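As structure tokens, the structure follows; a few thoughts come after it.
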Amino acid sequence: MPELPEVETVRLGLAPVLEGHTLTRVEQRRADLRRPFPDDFVQALQGQKVERLARRAKYLLIHLATGRVLIVHLGMSGSFRVHTNGEAPPPGKHDHVVFETAAGATLFYHDPRRFGSMDLADGDALEDHPLIRVIGPEPLNPAFDGAALAARLADRKTTIKAALMDQGTVAGLGNIYVCEALFRAGLSPKRKAYTVQGDRAARLVAAIKDVLAEAIRSGGSSLRDHKQVSGEMGYFQHAFAVYGREGEPCPDCTCDGGIRRLVQQGRSTFYCATRQR
DNA sequence: ACGAGAACCTGTTTGC
DNA sequence: TGCAAACAGGTTCTCG
């Protein structure tokens with residue numbers, strides 16, 4: 001489920017359950033996800049108080065009162081589910097981590113494909129962590145403007161689609177929101193990245209900020225499984241202009257073919273060849 | 001150094 | 001109906 005708006009939705013859902021609460025029990029139910037858990041995973045978390053939840057790109061950051069930080073990535077299929085009032089069912093096959101709080105909440109981390117990961121860092125060295133260090137600017141930060149994006153694209157010979165999928169260019173976009181932002185900005189996914197300068201870059205930044213903010217307000221996008229930690233669906237998927245809409249009419253013009261699909265870097269791209277140049 | 005493709009997994013949908 | 005192939009919200013390693 002997870003691009004920036006989905007991870008932000010998870011953060012907002014988990015914050016009231018975790019912030020200020022103590023983890024009375026942490027159960028690690030397998031040795032690895034995409035990578036091994038840190039050796040001291042349970043020891044670093046169990047019995048500790050959560051201070052606050054943050055997010056960087058698609059990483060959920062759980063800051064502990066000890067100063068350590070749990071870094072969680074949801075991969076392609078990771079999700080959290082919260083049960084309160086002692087109503088948690090037994091963990092299922094793909095519930096790889098169980099957290100219990102002193103207030104009686106139970107959290108399952110569920111991830112069938114196991115592309116997710118969990119790691120620990122020291123809070124004061126978080127920006128130096130290998131996973132965090134390589135990430136580009138946060139798109140919703142006011143400092144991220146057309147000039148900032150243009151500068152990062154100026155020497156990129158790949159396509160604008162590939163450049164935006166690269167977390168080092170700008171943080172948190174994935175296949176859905178790249179397709180949607182390029183549609184809103186009227187830019188072809190096949191355009192060379194270095195040609196996105198000046199007004200084109202400004203339009204693209206505005207489109208990125210708008211689509212992400214709208215998606216967060218909608219509780220993210222729920223494609224196949226549920227996403228909000230309560231089990232409720234997000235509903236931004238109903239607002240997609242192009243993603244997953246191959247063959248449907250373009251919502252913004254009367255072109256013949258409607259929405260087309262092509263494959264770039266092994267991923268589906270959806271776009272309108274008339275509106276996006 | 002950069003960019004494209006493969007690999008990592010499981011589950012679901014599509015096509016013959 | 002049944003089986004195989006294709007496809008899925010991501011990242012990271014390898015190869016050219």
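Computed from a predicted model, the values in this text were never measured in an experiment. Per chain, numbering begins at 1; letters A, B, ... match sequence-line order.
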What is the distance, rounded to the nearest whole Å, between atom [atom1] of [X] and atom [atom2] of [N]?
X       : N       : atom1 : atom2 : answer
E3(A)   : dT11(C) : CD    : C1'   : 13 Å
M76(A)  : dC7(C)  : CE    : C1'   : 9 Å
M165(A) : dT11(C) : CE    : P     : 8 Å
R133(A) : dT11(C) : CZ    : C1'   : 16 Å
Q237(A) : dA8(C)  : CD    : C1'   : 15 Å
I135(A) : dT11(C) : CD1   : C1'   : 11 Å
K58(A)  : dT12(C) : NZ    : P     : 11 Å
R34(A)  : dT12(C) : CZ    : P     : 6 Å

Practice task
Kindly say whether K49(A) contributes a backbone atom to a donor-acceptor pair with the side chain of T22(A) at under 3.5 angstrom?
Solution key: no

Handout entry: Sidechain-backbone polar pair: S218(A) side chain, G220(A) backbone, donor-acceptor under 3.5 Å
Key = no

Exercise for the section: Name the orientation class of the two ring planes belonging to F99(A) and F80(A) (parallel below 30°, tilted from 30 to 60°, perpendicular beyond 60°). Expected result: tilted

Handout entry: Atom P, compared across dA6(B) and dA6(C): separation rounded to whole Å
Key = 13 Å

Exercise for the section: Determine the Euclidean distance between corresponding P atoms of dC7(C) and dG5(B); express it in Å to zero decimal places. Expected result: 15 Å

Problem - Where T158(A) and A162(A) come nearest, the two heavy atoms and their spacing - result: OG1-CB, 3.3 Å

Fill in the blank from the handout: Closest non-hydrogen atoms of A207(A) and R184(A), given as atom of the first, atom of the second and distance, are CB-CB, 3.7 Å

Produce the list of close N/O pairs, under 3.5 Å, pairing protein atoms with atoms of nucleotides 13-16 of chain C; give distances to one decimal.
none

Shorter than 3.5 Å, N or O on both sides, protein versus nucleotides 2-6 of chain B: list them out with atom names.
unit_1	atom_1	unit_2	atom_2	d
dG3(B)	OP1	K157(A)	N	3.0
dG3(B)	OP2	R156(A)	NE	3.4
dA4(B)	OP2	T158(A)	OG1	2.8
dA4(B)	OP2	Q265(A)	NE2	2.8

Taking distance alone, no hydrogens or angles, what donor-acceptor pairs closer than 3.5 Å link side-chain atoms of residues 58-66 of chain A to residues at least two apart or in another chain?
unit_1	atom_1	unit_2	atom_2	d
K58(A)	NZ	L173(A)	O	2.9
T66(A)	OG1	R68(A)	N	3.3

Completion exercise
Ordered by number, residues from residues 181-190 of chain A within less than 4.0 Å of DNA chain C (heavy atoms) are none

Problem - Qualifying residues under side chain to side chain donor-acceptor pair (under 3.5 Å), relative to T24(A), sequence neighbours excluded - result: none

Problem - S77(A) side-chain N/O to dG10(C) phosphate OP1/OP2 under 4.0 Å - result: no

N/O donor to acceptor pairs below 3.5 angstrom from side-chain atoms of residues 124-137 of chain A, sequence neighbours left out:
unit_1	atom_1	unit_2	atom_2	d
H129(A)	ND1	L131(A)	N	3.0
H129(A)	NE2	D119(A)	OD2	3.0
R133(A)	NH1	D128(A)	O	3.3

Residues two or more places apart in sequence or in another chain: which of them pass salt bridge (charged side-chain N to carboxylate O under 4.0 Å, His left out) with [X]?
X       : result
R55(A)  : E8(A), E138(A)
E27(A)  : R25(A), R29(A)
D252(A) : R275(A)

Fill in the blank from the handout: Stems in DNA chain C, runs of 3 or more consecutive Watson-Crick or G-U wobble pairs with both distances under 3.5 Å, sorted by first number, are B:2-8 with C:10-16, B:10-16 with C:2-8

Pairs under 3.5 angstrom only: tabulate donor-acceptor contacts from the side chains of residues 233-242 of chain A to other protein residues two or more places apart or in another chain.
unit_1	atom_1	unit_2	atom_2	d
Q237(A)	OE1	S222(A)	N	2.9
Q237(A)	NE2	S222(A)	O	3.4
Q237(A)	NE2	G234(A)	O	3.0

Handout entry: Per-nucleotide protein contact string for nucleotides 9-16 of chain B, where B marks a base within reach and S marks sugar-phosphate only (heavy atoms under 4.0 Å, - for neither)
Key = BBS-----

Problem - Nearest-nucleotide comparison on DNA chain C, the residue closer to the 5′ end among Q167(A) and S268(A) - result: S268(A)

Exercise for the section: Please determine, for the side chain of H73(A), which listed nucleotide (dG10(C), dT12(C), dC7(C)) has the closest atom? Expected result: dG10(C)

